[in-house]
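Reviewing the structure listed below.
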Amino acid sequence: MSHGMIASLGFVALFALMVLRVPVGIAMGIVGVGGFAAVNGFWPGMSLLMNSPLSTATDYTLSVIPMFVLMGVFATAGGMSRELFDACRTWVGHRRGGMAIGTILACGGFSAINGSAIATTATMATTALPEMRRAGYPADMAAGTIAAGGTLGVIIPPSIVMIIYGLLTQQDITRLFMAGVLPGVVAILIYIITVRLLVWRNPGQYEVSPRQPWSARLASLRNIWAILLLFVVVIVASFGGLVTITEAAGVGAVGAGLIGWLRGRLTLRTMLDCMIEALRITASIFIIAIGAYLFGYFLTVTQVTQAFVALMLDLPIGPYGVLSLILVLYIILGAIMDELAILLLTVPIVYPVIMTLGFDPIWFGVVVVMTITLGLITPPVGMNVFVLNSIARDLSLGRIYRGVAPFILADLLRLALIVAIPWLSLALPNAF
Amino acid sequence: MNRLAHWIEQCAGLLLGAVALVTVVEVVLRQFFGLQVPDAYTLAGYFQGIAIFWGIAIALLAGRHITVDALWTACGPRLRVLIDIFATFMSALAMTALTFMMWRKVSSTFSSGETTYELGMLLWPVVLCATAGAGFGVLLALFRLRILARRLADGTTDNYETP
């Protein structure tokens with residue numbers, strides 16, 4: 001059987017296994033080992049299982065993932081998101097739609113210490129959604145705001161998805177984090193504009209809270225010292241080169257736990273629960289990473305990547321045409337698959353094309369993360385929407401999708417801006 | 001079985017906490033005292049590896065791994081259980097192959113007497129602990145398979161996600 005045939009059968013098998021709900025990582029592993037064995041023989045294929053999974057799981061550079069996950073879980077359990085939301089509401093709550101704007105700002109702030117969209121969405125759904133509904137905001141708009149705001153967890157550093165991209169492409173994770181800062185700010189601004197437009201269309205639906213005095217506003221900032229401290233320690237220490245990004249993540253995890261414990265928000269029991277939660281998230285990420293590494297061997301022996309690069313370069317549509325094609329593919333995949341799985345499955349194939357076309361790898365990292373983030377709020381499988389639906393059971397998926405629709409348009413506009421103006425992504429990493 | 005899984009999950013969670021602690025101790029000693037913990041990051045990596053293999057095993061029982069649910073959500077309850085049975089069977093098969101090959105790795109590491117670079121600690125117990133996690137994954141996948149098969153036979157078709 002030719003390598004091309006094995007590759008085609010491998011991809012068919014992979015998608016069949018995934019559609020039949022075999023865990024993505026296991027499906028990738030099965031096809032990786034099976035495909036390698038089809039080319040090189042049974043035992044050479046099986047021998048991949050002897051070393052690759054263990055070396056992936058014990059790789060200390062990958063510790064950056066569980067450490068940032070643990071930091072986010074501690075921060076959530078320690079009530080930091082609530083304080084952030086209260087502070088943001090105190091500052092902007094007197095504006096029409098101010099509570100929704102406050103939610104977006106709180107999502108952005110919380111994302112600076114938490115790299116998961118789902119965690120950001122879940123925590124804001126329990127904090128901000130009841131407040132907005134109590135204030136009479138339309139439920140679908142309130143839910144849409146939180147679902148969209150939750151995606152900031154992936155864009156604003158530290159971002160688990162960006163870490164995975166960095167590890168896959170061997171790009172400096174600190175530079176990638178720097179690259180995500182300005183696009184993150186752009187995302188917040190565009191979401192705020194979206195909220196303002198929604199309010200402008202139906203101003204009567206949005207109550208205005210009384211304006212808070214400056215003393216109350218400044219007092220609200222006192223409560224967010226913990227988030228600022230964590231952000232400074234983790235991001236500034238790693239951006240400044242004092243510690244590696246993995247070390248910064250470890251310090252952030254212990255710091256978040258310690259702060260929660262010293263403030264009496266976390267007991268030893270809840271800290272253990274946090275570690276279990278972090279383990280659950282980490283295990284589900286690592287099984288995909290293990291599968292992706294095995295799948296990588298299959299790609300190498302069947303030379304799929306080279307064939308894909310040649311195919312893309314032969315298309316008479318130019319570099320930006322190829323890029324657009326790839327981004328459309330990501331949007332489609334994002335609608336049905338988990339963002340980490342998409343990244344681990346496709347980046348080894350797509351990245352060489354992007355490099356051959358001469359695009360910047362850091363910029364592409366931001367672009368690809370922004371693109372697959374769309375999948376978190378688009379039907380049929382918008383994970384943030386599902387999370388909201390699981391917390392606010394009285395809100396149907398249809399209503400939440402309706403509420404999130406204006407933010408999808410905002411995301412597409414943001415993506416166009418990030419693609420058209422690479423400076424937004426590259427200004428900070430190039431400045432340091 | 002669920003209680004055992006929970007107990008193991010606690011131990012694995014503590015190992016993940018240990019990775020964070022080792023990292024902080026290493027950073028503090030290096031930055032403030034110019035000292036280094038021998039094999040700190042090697043040990044942290046091994047803690048992580050063991051925790052992950054046990055975590056993967058327990059996620060198999062709970063059906064908590066990341067999956068593509070597009071077809072599954074569109075199916076009726078009975079078909080959903082059938083899909084879950086197939087997926088769990090494939091997972092059990094994959095974990096069996098992994099455990100078998102990792103066991104060979106235990107044997108080879110034991111025979112070679114491989115050690116860590118600085119402390120000279122034997123590595124085979126670490127590989128054995130990780131392999132035991134993978135093996136436990138096979139057991140848990142089979143346990144889940146049994147539960148799903150019973151539910152199919154009984155006509156109980158609500159989701160089985162978390163023990």
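So you know, we letter chains A, B, ... as the sequences are listed, proteins then strands, and number each from 1.
Of the listed residues (A:Ile26, A:Thr244, A:Ile276), the greatest number of heavy-atom pairs within a distance under 4.5 Å of chain B belongs to A:Ile276. Between chain B and the residues A:Met46, A:Met71, A:Glu247, A:Met275, the largest count of heavy-atom pairs under 4.5 Å involves A:Glu247. Per-residue counts of heavy-atom pairs under 4.5 Å with chain A were compared for B:Phe47, B:Trp103, B:Phe86, B:Tyr41; the largest is that of B:Tyr41. Counting heavy-atom pairs closer than 4.5 Å to chain A, the top residue among B:Leu21, B:Ile52, B:Ile66 is B:Ile66. Per-residue counts of heavy-atom pairs under 4.5 Å with chain B were compared for A:Val243, A:Leu272, A:Val33, A:Thr56; the largest is that of A:Leu272. Note on A:Leu17, A:Leu62, A:Leu49: by heavy-atom pairs under 4.5 Å with chain B, the leading option is A:Leu49.
For A:Pro53, the parts sitting under 4.5 Å from any heavy atom of chain B are the backbone and the side chain alike. With a 4.5 angstrom heavy-atom cutoff, A:Leu48 does not touch chain B via any of its atoms. Interface residue A:Leu70: only side-chain heavy atoms are found under 4.5 Å from chain B. When heavy atoms are compared at a cutoff of 4.5 Å, B:Phe100 approaches chain A solely by way of its side chain, counted from C-beta outward. Of the atoms belonging to B:Ala130, it is side-chain heavy atoms, and not backbone ones, that fall under 4.5 Å from chain A. Contacts of A:Leu20 with chain B are made by both backbone and side-chain atoms, with heavy-atom separations under 4.5 Å. If you measure heavy-atom distances from A:Met67 to chain B, the contacts under 4.5 Å come from the side chain alone. For a residue to count as touching a neighbouring chain, one of its non-hydrogen atoms must lie under 4.5 Å from one of that chain's; by this rule A:Leu54 touches chain B with backbone and side chain alike. When heavy atoms are compared at a cutoff of 4.5 Å, B:Leu15 does not approach chain A at all. In this structure, no portion of B:Phe89 lies under 4.5 Å from any heavy atom of chain A. The part of A:Thr246 that comes within reach of chain B is its backbone (N, CA, C, O), which places non-hydrogen atoms under 4.5 angstrom from that chain. B:Thr42 does not touch chain A: none of its heavy atoms, backbone or side chain, sits under 4.5 Å away.
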Open item on the list: For A:Ile65 and A:Ile164: C-alpha separation, side-chain torsions, deciding distance, then whether side chain to side chain contact (heavy atoms under 4.5 Å, CB included) applies.
Closed with: CA-CA 8 Å; A:Ile65 297 170; A:Ile164 303 261; 3.7 Å; yes
TODO: Under the ring-ring contact (aromatic ring centres under 6.0 Å, His included) rule, what do A:Phe11 and A:Phe295 come out as? Steps first, then yes or no, please.
DONE: CA-CA 10 Å; A:Phe11 275 95; A:Phe295 191 70; 5.7 Å; yes
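Classified by interplanar angle (parallel below 30°, tilted 30° to 60°, perpendicular above 60°), the ring pair B:Phe110/B:Trp124 is perpendicular.
With hydrogens and angles ignored, the 3.5 Å screen pairs a side-chain donor or acceptor of B:Asp39 with a backbone N or O of B:Glu118. At least one donor-acceptor pair under 3.5 Å links the side chain of B:Gln48 to the backbone N or O of A:Asp59. Checked by atom type and distance alone, the side chain of B:Arg80 pairs as donor or acceptor with a backbone atom of B:Trp72 at under 3.5 Å. Of the possible donor and acceptor atoms, one in the side chain of B:Glu26 sits under 3.5 Å from a partner among the backbone N and O of B:Val37. Between the B:His65 side chain and the B:Ile56 main chain, a donor and an acceptor come within less than 3.5 Å of each other. Without hydrogens or angle criteria, B:Trp54 side chain to B:Cys129 main chain gives a donor-acceptor distance under 3.5 Å.
Atom CZ of A:Arg269 has more than 12 heavy atoms from other residues, nucleotides or ligands within 6.0 Å. For CH2 of B:Trp7, the number of neighbouring non-hydrogen atoms (other residues, nucleotides, ligands) closer than 6.0 Å is 12 at most.
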